[in-house]
Amino acid sequence: MNTQWRQPSKFYSINPMKQQRQELSYKKLNELRKNATLCDFTLKTVDGDIIHVHKYVLMSNCMYFEKMFSEKSKDDDQKCIHLLDIDGDILHNLIDYIYTGTLIQIHEESVERILKGADILQLFDVQDLCIEFLLRSNGENSLKIKTRVDLRMMFNMPNVCFKWALNNFDKVFRCAGFLTLDIEQLKQLIDSDELYTVEEENVYIAVILWVGHDEINRKHFLPELMKLVRVPFMNYMYVHRLLQEEPLITSNRIYYIQVLNILQKYIKICFTKIIKHLIMIL
């Protein structure tokens, strides 16, 4: 049954009025800030600029400042802090965002600096905007972006990047960044049931490309990775040909036997299912 939300009465609707009042309030507060009116704290940028602010506005809209001002410090009379890790222009823009909810347009040359500032100030919605921008402009390197945000411990962002990589696997595995994945990242990717590819052969090709990129140090992973390739979904003749022609498999008898056993196992499962299906039909 389709559910349709009731439309609010045009004569009685609190939320739009409330939102408008909030916007007007923050707009006025931002005007007061820019005129240094009733401000009770200052931020000093790495460039030496002074930004006048209201403590309670920052506390109510930013976890970083909420924690800073809530904790009792040794010097309770401190009226200024020097933020050295955020570029001056970016700090100005992020404070504007805290007050108004409006962020300057993100560009290729500024996205990394905005992302860094948002990470420090724990502005998670700004982080989301930056990652979305990176994925739109350079989505093929989503796994590289994932590694970047992993290092910064942006806990919700790696999942966004990983999901993008799953949905766009056929683009991702052809990018240089794919070849730099570690073994655990690769296994997590190709083992996922949510991986989308036009044909399973692409997953096999991705494995061969990854192993071949650093054959000496990676070739021993081949049997382990081949277990994650879903051979029953591959063309039988393609599988037969790769056993005869793929150098990474044919050049080492031990690997050849291991991979052959894996492939034979999956092929046997595949044919067993086909036979059972035919029996049910007949």
Side-chain angles (χ1 to χ4, degrees), residues 19 22-23 26-27 29-30 33 41 43-47 49 51 53-71 81-169 171-172 175-178 180-182 184-185 188-189 192 194-195:
Q19 183 177 353
Q22 288 176 339
E23 290 174 355
Y26 279 111
K27 183 179 179 181
L29 283 170
N30 199 39
R33 176 182 74 84
F41 203 78
L43 307 175
K44 190 174 182 180
T45 72
V46 68
D47 306 317
D49 290 346
I51 304 176
V53 295
H54 304 90
K55 277 187 180 181
Y56 289 111
V57 174
L58 298 190
M59 288 180 69
S60 62
N61 292 281
C62 177
M63 290 179 62
Y64 174 87
F65 290 114
E66 180 184 5
K67 184 177 181 181
M68 175 192 294
F69 295 136
S70 297
E71 292 178 350
I81 59 168
H82 199 177
L83 293 172
L84 298 173
D85 297 324
I86 306 175
D87 291 347
D89 60 327
I90 299 300
L91 183 58
H92 274 286
N93 292 328
L94 292 177
I95 296 300
D96 278 340
Y97 176 79
I98 289 173
Y99 272 80
T100 66
T102 302
L103 189 67
I104 60 163
Q105 190 172 3
I106 301 174
H107 297 287
E108 196 69 49
E109 61 273 11
S110 65
V111 62
E112 285 287 350
R113 297 189 300 133
I114 296 174
L115 183 58
K116 178 184 176 183
D119 180 32
I120 293 171
L121 297 183
Q122 301 177 54
L123 295 171
F124 303 122
D125 44 356
V126 178
Q127 287 182 4
D128 290 348
L129 292 172
C130 291
I131 295 300
E132 287 173 8
F133 175 86
L134 287 169
L135 290 174
R136 285 197 309 270
S137 61
N138 197 19
E140 289 79 1
N141 284 322
S142 58
L143 294 172
K144 187 176 180 180
I145 297 170
K146 179 182 182 300
T147 301
R148 192 183 310 165
V149 297
D150 271 334
L151 292 173
R152 288 180 176 161
M153 293 189 293
M154 299 178 187
F155 299 110
N156 59 325
M157 287 295 99
N159 292 331
V160 175
C161 301
F162 185 66
K163 187 171 182 179
W164 198 98
L166 289 172
N167 292 336
N168 298 271
F169 180 78
K171 291 181 180 179
V172 169
C175 298
F178 175 81
T180 64
L181 295 178
D182 62 40
E184 293 305 321
Q185 289 174 320
Q188 183 186 11
L189 183 64
S192 174
E194 296 180 12
L195 183 146

**OP:** Check for a donor-acceptor pair, side chain of Asp87 on one end and backbone N or O of Asp89 on the other, with a separation under 3.5 Å.
**Re:** no
Original post:
Counting only N and O atoms by type, is there a donor-acceptor contact under 3.5 Å from the side chain of His82 to the main-chain atoms of Thr45?
Top reply: yes
Shortest non-hydrogen separation from [X] to [Y] and the atoms involved:
X      : Y      : result
Val172 : Phe178 : O-CB, 3.4 Å
Ile86  : Val46  : O-CG1, 3.8 Å
Ile106 : Phe133 : O-CE1, 3.5 Å
Leu29  : His54  : O-CE1, 3.7 Å
Val57  : Asn61  : O-ND2, 2.9 Å
Gly117 : Leu94  : C-CD1, 3.6 Å

Euclidean distance, [Y] [atom2] relative to [X] [atom1], rounded to 0.5 Å:
X      : Y      : atom1 : atom2 : value
Gln105 : Asn93  : CD    : CG    : 12.0 Å
Ile90  : Leu115 : CD1   : CG    : 10.5 Å
Cys130 : Lys116 : SG    : NZ    : 13.5 Å
Gln127 : Asp125 : CD    : CG    : 9.0 Å

Subject >> Member of Leu83, Asp119, Leu123 meeting the side-chain contact (heavy atoms from CB on, under 4.5 Å) criterion with Tyr64 >> reply: Leu83
Original post:
Near Glu109 CD, under 6.0 Å, is it more than 12 heavy atoms from other residues, nucleotides or ligands?
Top reply: yes
**OP:** Decide yes or no on side-chain contact (heavy atoms from CB on, under 4.5 Å) for Ile95 and Leu58, but give the supporting numbers first.
**Re:** CA-CA 8 Å; Ile95 296 300; Leu58 298 190; 4.2 Å; yes
**OP:** I would like to know whether Leu43 and Phe65 meet side-chain contact (heavy atoms from CB on, under 4.5 Å); could you show each step before the answer?
**Re:** CA-CA 11 Å; Leu43 307 175; Phe65 290 114; 3.9 Å; yes
**OP:** Evaluate the side-chain contact (heavy atoms from CB on, under 4.5 Å) criterion for residues Tyr26 and Thr102: first the C-alpha distance (whole Å), next the side-chain angles of each, then the deciding distance (0.1 Å), finally the verdict.
**Re:** CA-CA 11 Å; Tyr26 279 111; Thr102 302; over 6 Å; no
**OP:** Please assess Asp96 against Arg33 for the test side-chain contact (heavy atoms from CB on, under 4.5 Å), listing each intermediate value before the final yes or no.
**Re:** CA-CA 10 Å; Asp96 278 340; Arg33 176 182 74 84; 2.4 Å; yes
**OP:** Output, in order, the C-alpha distance, side-chain angles, deciding distance and verdict of ring pair (Phe, Tyr, Trp, His ring centres under 6.0 Å) for Phe41 and Phe69.
**Re:** CA-CA 10 Å; Phe41 203 78; Phe69 295 136; 5.0 Å; yes
